[in-house]
Structures are given as structure tokens and as C-alpha cells.
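The sequence lines fix the lettering, A, B, ..., with proteins before strands; numbering per chain opens at 1.
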Amino acid sequence: MAFSIVTWNINSVRLRLPIVLELLETWQPDVLCLQEIKCPNDQFPSAAFKKAGYEHLAVHGQKGYHGVATISRSAFTSEPEPMSFCDSGHTRHIATRHKIPGVDGTALLHNFYVPAGGDEANPDINPKFKHKLEFLNAMLEAFTGNLAHEKNIVVGDLNIAPSEHDVWSHKQLLKVVSHTPIEVDLLNKLRDDAAFTDLVRQHFPEPEKLFSWWSYRSRDWAVSDRGRRLDHIWSHADIAAQLSGVDIMRDARGWLKPSDHVPMRAVFG
DNA sequence: ATGGTGGACGCTCCA
């Protein structure tokens, strides 16, 4: 009895509702985690998701920017949990609790939209990059502190491509925010200190190139293939032991009116 | 070295 979780930065859930419903039809995941829904809670298209069989919704949105939502076919095993990660009022996180077949107890599923960080990789002159580092440090503190006893799953747009095999050109992106050593080191420290397994790399080991995002600002994304792996699925070891598959839906980048990110799923059991 | 595109919002910000 498999259980699957999908994560997708949708870049406006209202504009792209048709392709989200298409994805649900194709993959029929148990849980879908969306980032950049770009709408307040009361404008989230809840009715369409309920009609599609996803009756349990945890929406944390705001007007115009950011926003995350986790939707599920089965009930959460407790109320969705709001937490603050130094996000200065931004809606960048929601946690929901789930029973996963084969895993003792419950899993706490964290849906994240980490700040992109602006253009300049210097926290002294760029407040957006400073915010990104503070957000990651708050995640480090939480997952090595009060959340350390939980069976955590972290999914979402972490806005960092950590490995040289997670970008089209390591050398050309070393000074580009998303792949600079300061943020990569911090993300790797978070993963290691909090004992997370990178499930996507567990399934597709290095040195295979993996991308989940391609910029809108290129003539032909598929030909130039200048992608980055900005989206991630991590978990506690007990949950990683149940992983049976990972898929990255690269084709979705070529759909009509696509998001610049593609959906990614982990299957357990 | 530069600028390229896209979404929300409302005379501009963010990615």
C-alpha cells in the first residue's frame, strides 16, 4: 500500500489550477505540497481540490506573494501547525501530520518556500540574502532543537542547488545566489546536523545531473537545459528506509503556461 | 557584460 507525496512550486495556483488538476489526475498522490500559491487563504481554490478528492487542506497564503498549501486525500492526524521561521510575516511554511504505512507513529510534513535571496550574495548589503540566511539558521535551530524528536519530512522550494551536479554549470553559478558557498554550506549543515536524508539523491545518486527549475528567461529551456535543482524532499531515516521511488516530472516545464518549477514526488512502501 | 520572461497588482515588486 504505497503512499506518495508531491511538491511543486506552482507560481500562482489560481492561474495554473488546470495543470495542477492534471497533475493530480496523472500521479494521484496522497499529499500535494504547493509553494508560491500567490493568494490569500480565502482565494485558494479549495472547492476544486475537494471535488478532485483532496478534502483536507492546510493553506497559509497572503496577497500577491509567497504562500504555501498542503492538500491531502486522507485526514491530517492533527491540526496543521503554524511555525515561525524568521519569516518577517511572509507565508513560507506549513506543517501537517500524517500516518505513513510502514512507519511507526506519525510523520510531520514541512512544506517550505525558502526566500530566494535577491541578486547579491552579501548579507551586509542585500537584506534579501540576509533574510535567506536567517531563515535557514532558524530552520537549523528548529530541526536540531524542539523538532529533533519528530519524524520530519521536509519538502519544497529551498531555493538552493547544493551540489555541483544540481546545476548546469558549477563554475558559472558559484557567485549566483542559489549556488554560492555560504548558502550551500548552511543547507548542507542543516541536512547533516538534523540527520536528514536527501531522498532525491538516495534514489538518483551523484553524479547524475538533476534539475527541478529552469528560468523563464531563456529562449529554449529544453535545448539549453540550464537548470538547477532548487526543490527538495528530505526525511528522517525511518521514513527514508520506506522510500520506493522518486520522480521528477521534467515534461511539465514544457506544458502550456508552465511554472518555472516542475513537480517532484517521493513514493513510500 | 547584459538582459532576457513571467505573475500579481495597480502606477512596481518579486522571482
Asker: For Asn11(A) and His261(A), take the nucleotide of DNA chain B holding the closest heavy atom to each; which residue's nucleotide lies nearer the 5' end?
Answerer: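 Final value for this comparison: Asn11(A).
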Asker: Determine whether the side chains of Asn9(A) and Glu36(A) contain a donor N or O and an acceptor N or O closer than 3.5 Å.
Answerer: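 Looking only at side-chain atoms, Glu36(A) and Asn9(A) do form a donor-acceptor pair, the distance falling under 3.5 Å.
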Asker: Counting any heavy atom closer than 4.0 Å, what does Arg14(A) reach on the DNA or RNA strands: base, sugar-phosphate only, or nothing?
Answerer: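 Arg14(A): backbone/sugar contact only, no base atoms under 4.0 Å.
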Asker: So what does Arg92(A) hit on the nucleic acid, given a heavy-atom distance under 4.0 Å: a base, only sugar-phosphate, or nothing?
Answerer: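 Since only primed, P, OP1 and OP2 atoms lie under 4.0 Å of Arg92(A), the category is sugar-phosphate.
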Asker: Which value, in whole Å, describes the distance between the C1' atoms of nucleotides dC14(B) and dG4(B)?
Answerer: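 dC14(B) and dG4(B) have their C1' atoms separated by 16 Å.
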Asker: Gln35(A) and side chain to side chain contact (heavy atoms under 4.5 Å, CB included): which partner among Leu158(A), Ile10(A), Asp157(A), Asn11(A)?
Answerer: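 The residue from Leu158(A), Ile10(A), Asp157(A), Asn11(A) that satisfies side chain to side chain contact (heavy atoms under 4.5 Å, CB included) with Gln35(A) turns out to be Asp157(A).
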Asker: Of all nucleotides in DNA chain B that come within under 4.0 Å of a heavy atom of chain A, which is furthest toward the 5' end and which toward the 3' end?
Answerer: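 For DNA chain B, the relevant span reads dG4(B) to dA15(B).
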Asker: For Leu256(A), does the CG atom have more than 12 heavy-atom neighbours from other residues, nucleotides or ligands under 6.0 Å away?
Answerer: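 No.
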Asker: According to side-chain contact (heavy atoms from CB on, under 4.5 Å), who are the partners of Leu174(A), at least two apart in sequence or on a separate chain?
Answerer: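 Partners of Leu174(A) under the side-chain contact (heavy atoms from CB on, under 4.5 Å) test: His170(A), Pro181(A).
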Asker: Side chains of Trp214(A) and Asp225(A): any donor to acceptor distance under 3.5 Å?
Answerer: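 Looking only at side-chain atoms, Trp214(A) and Asp225(A) do form a donor-acceptor pair, the distance falling under 3.5 Å.
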Asker: Check the surroundings of atom NZ in Lys175(A): do more than 12 heavy atoms from other residues, nucleotides or ligands lie under 6.0 Å from it?
Answerer: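 No, not enclosed.
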Asker: With nearest nucleotides of DNA chain B determined for Val13(A) and Asn9(A) from heavy-atom distances, which residue corresponds to the more 5′ nucleotide?
Answerer: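 Its nearest nucleotide lies further toward 5', so the answer is Val13(A).
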Asker: Taking only the P atom of each, what is the distance from dC13(B) to dC9(B) in whole angstrom?
Answerer: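 It comes out at 15 Å once rounded to the nearest Å.
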Asker: When the P atoms of dA15(B) and dA1(B) are compared, how many Å lie between them, rounded to an integer?
Answerer: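 That atom pair is separated by 25 Å.
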